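Heads up, the thing below is written out as structure tokens.
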Protein chains: 2
Amino acid sequence: MKKTKIQILFGQRVRLLRKLHGWSQESLAARCGLDRTYISGIERGIRNPTLEIVLTLATSFEMELDVFFDWDGFKER
Amino acid sequence: MKKTKIQILFGQRVRLLRKLHGWSQESLAARCGLDRTYISGIERGIRNPTLEIVLTLATSFEMELDVFFDWDGFKER
DNA sequence: GTGTAGACTCCTGTCGACT
DNA sequence: AAGTCGACAGGAGTCTACA
């Protein structure tokens, strides 16, 4: 599987936020209505989620998309 | 084709930014390395682009993702 | 310059199972 | 709890063509 930079960063962002909430991948998946193995793939950077999925995840963290993407990792060159 | 709210808003955002730059769909597609008909579908809200595509488009407008999503349309309930 | 349709490849997203 | 695999349906993204 191909890991692009944005996928890796996105995965790190999801994992960080998930841990901040103290949730397991399973409970996050349940909240989002997504599959646990898919969350796993996202956090490992091997998945390229669609806009719908990105919104679903951000919403589950109760964040607007601009806040979700306002993170240092996304701004490195 | 299914139009979700986020797809419609995303399409409006792309169209707005494209016109602000004075570009045609064709020239935007060329800048992004995407297909013109695909840009058309995105602007009409019938496409659900992946994270990679979202980044590609934001980058073509020389915007970070958080700035791209910092738009009133995305914050309506 | 844009909208739309059809056809195509490849990947997204789901699910079960084992580690 | 999390990683990984295999299999699958449906959809993402490309391309040609016409209005």
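On a predicted model such as this, the values are computed, not experimentally measured, just so you know. Sequence lines set the chain letters: A, B, ... in the order given, protein chains first and strands last, and positions in each chain run from 1.
- Under the rule for a side chain to side chain contact (heavy atoms under 4.5 Å, CB included), the partners of B:D70 that lie at least two apart in sequence or sit in another chain are A:D66, B:K75.
- Here the closest heavy-atom approach between residue B:L9 and residue B:G73 is recorded as CD1-O, 3.3 Å.
- Checking the phosphate oxygens (OP1, OP2) of C:dT2, no side-chain nitrogen or oxygen of B:S40 falls inside 4.0 Å.
- Less than 4.0 Å separates DNA chain C from at least one heavy atom of each of the following residues of residues 8-19 of chain B: B:R15, B:R18.
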Got a list of side-chain donor-acceptor pairs under 3.5 Å for residues 54-61 of chain A, not counting sequence neighbours?
unit_1	atom_1	unit_2	atom_2	d
A:T56	OG1	A:E52	O	2.8
A:T59	OG1	A:L55	O	2.7
A:S60	OG	A:L57	O	2.6

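- Summarising the geometry, the separation between CG on A:L57 and C1' on C:dT12 is reported as 14 Å, rounded to the nearest angstrom.
- Atom CG in A:D35 sits roughly 17 Å away from atom P in D:dG6 (whole-Å rounding).
- When all heavy atoms of B:I46 and B:K3 are compared, the closest pair comes out as CG2-CE, 3.8 Å.
- Of all the residues in residues 21-33 of chain B, B:S24, B:Q25, B:E26 reach under 4.0 Å from DNA chain C with at least one non-hydrogen atom.
- Atom-to-atom, CZ of A:R47 to C1' of C:dC11 comes out at 8 Å; the value is rounded to the nearest Å.
- Within the nucleic acid shown, B:T50 comes within 4.0 Å of sugar-phosphate atoms alone, with no base atom in reach, counting heavy atoms only.
- Rounded to the nearest 0.5 angstrom, B:W71 CH2 and B:M63 CE are separated by 11.0 Å.
- A donor and an acceptor atom never sit less than 3.5 Å apart when one is taken from the side chain of A:T37 and the other from the base of D:dC5.
- A donor-acceptor pair shorter than 3.5 Å can be found between the side chains of A:S40 and A:R44.
- D:dA1 atom P lies 14 Å from atom CD of A:E43, rounded to whole Å.
- Residue B:L51 contributes atom CG, which lies 16 Å from atom P of C:dC11 at whole-angstrom precision.
- If you take CD of B:E52 and P of C:dC11, they are 12 Å apart, rounded to a whole angstrom.
- The stretch residues 12-23 of chain A participates, sequence neighbours left out, in these salt bridge (Lys or Arg N to Asp or Glu O under 4.0 Å) pairs: A:R15-A:E43, A:R18-A:E43.
- Scanning for side chain to side chain contact (heavy atoms under 4.5 Å, CB included) contacts around A:R31 gives A:W23, with sequence neighbours left out.
- The base of C:dG16 lies outside donor-acceptor range of the side chain of A:R36, with no N or O pair under 3.5 Å.
- Counting to the nearest Å, the P atom of D:dG3 and the CZ atom of A:R44 are 6 Å from each other.
- C:dT12 atom P lies 14 Å from atom NZ of A:K3, rounded to whole Å.
- The aromatic rings of B:F68 and B:F74 sit tilted relative to each other, their planes meeting at an angle between 30° and 60°.
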